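To start, the structure itself, in structure tokens.
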Amino acid sequence: MDREGLAGGAEVVEPVGPEATCAAVERFGRLFVELPGQMRYGLRRQRDNGGDLSTDPLQGLSEIVQNVDDLGANQVRIFVRDTELLVAHDGRPVRLTDVMALAMPSLTSKDDDPDATGRFGIGLMTLRRLSPVLEIFWGFYRVRIGTPTCP
């Protein structure tokens with residue numbers, strides 16, 4: 001959290017194992033809670049307004065596919081189950097820098113990749129038009145954006 005930007009994500013130490021991963025996500029969540037109120041408010045407003053970036057209610061699906069492509073995936077599967085939209089892909093695994101970028105609007109882990117479609121850190125915010133909740137499950141990561149949780 002002390003670095004400016006996320007380029008060169010290798011500098012952010014990746015947790016090893018379920019306990020370390022959970023501790024890292026919990027610590028990241030606490031850092032949000034510890035921000036001064038106006039900063040939390042500004043980030044929340046920016047995140048919540050993400051749904052207004054496009055009038056297309058399916059823009060979030062396009063953003064998902066672009067991000068999956070940026071992660072080098074060959075396949076993406078999108079399932080609709082009851083009221084859930086589930087996405088799975090075979091691209092690069094989730095890292096702590098990805099969790100940070102997903103949780104903070106305008107922060108990106110791809111700004112140093114000129115070939116990346118998404119480099120601005122706002123695209124997935126359009127998913128707010130579909131749902132106020134974004135959950136990530138990969139390896140030991142169990143993250144609910146806005147409310148970090150552990151198994």
Side-chain angles (χ1 to χ4, degrees), residues 1-18 20-29 31-32 42-151:
M1 288 291 282
D2 291 334
R3 291 190 54 232
E4 188 170 320
L6 288 176
E11 296 175 30
V12 176
V13 177
E14 187 63 27
V16 177
T21 302
C22 182
V25 171
E26 284 182 340
R27 175 68 180 134
F28 184 55
L31 288 171
F32 268 109
L43 286 170
R44 188 172 57 247
R45 292 279 299 153
Q46 190 175 3
R47 182 199 65 205
D48 292 347
N49 290 334
D52 297 330
L53 292 174
S54 171
T55 57
D56 181 355
L58 301 179
Q59 178 66 34
L61 295 177
S62 174
E63 298 293 342
I64 289 171
V65 172
Q66 288 174 5
N67 276 280
V68 166
D69 182 58
D70 288 345
L71 294 174
N74 293 310
Q75 292 184 19
V76 60
R77 295 180 182 189
I78 300 174
F79 304 94
V80 177
R81 181 177 68 190
D82 299 322
T83 61
E84 295 177 313
L85 177 68
L86 308 168
V87 179
H89 64 82
D90 64 350
R92 180 184 55 73
V94 170
R95 299 180 305 207
L96 187 58
T97 53
D98 299 318
V99 173
M100 295 166 71
L102 286 166
M104 296 182 67
S106 298
L107 185 64
T108 179
S109 58
K110 298 182 283 184
D111 61 355
D112 61 344
D113 182 356
D115 297 324
T117 304
R119 295 187 314 267
F120 307 106
I122 57 173
L124 283 180
M125 295 297 127
T126 61
L127 287 173
R128 306 275 311 162
R129 188 171 281 283
L130 298 175
S131 173
V133 176
L134 176 62
E135 295 180 309
I136 299 117
F137 300 95
W138 179 269
F140 299 120
Y141 284 99
R142 305 289 182 268
V143 180
R144 179 180 173 109
I145 298 299
T147 309
T149 60
C150 297

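None of the values given here were measured: they were computed from a predicted structure.
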Original post:
Can you check whether L96's main-chain N or O pairs, donor with acceptor, with E14's side chain at less than 3.5 Å?
Top reply: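 Answer holds: yes.
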
#### Entry: N67 side-chain N/O to E63 backbone N/O, donor-acceptor pair under 3.5 Å
yes

Item to check | Where at least one partner belongs to residues 75-89, residue pairs that pass salt bridge (charged side-chain N to carboxylate O under 4.0 Å, His left out), sequence neighbours excluded | outcome: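 As it turns out, the salt bridge (charged side-chain N to carboxylate O under 4.0 Å, His left out) pairs with a partner in residues 75-89, which skip direct neighbours, are R81-E84.
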
Could you give the distance from [atom1] ([X]) to [atom2] ([Y]), rounded to the nearest 0.5 Å?
| X | Y | atom1 | atom2 | answer |
| --- | --- | --- | --- | --- |
| R92 | W138 | CZ | CH2 | 10.0 Å |
| I136 | D98 | CD1 | CG | 9.0 Å |
| I78 | H89 | CD1 | NE2 | 11.0 Å |

For this session: For residues V94 and Y141, report the shortest heavy-atom separation together with the two atoms involved.
Result: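 That closest heavy-atom pairing would be O-CE1, 3.7 Å.
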
TODO: Work out which heavy atom in D90 is nearest to a heavy atom in N74; give both atom names and the distance.
DONE: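 Of all heavy-atom pairs spanning D90 and N74, the closest is OD1-N, 2.7 Å.
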
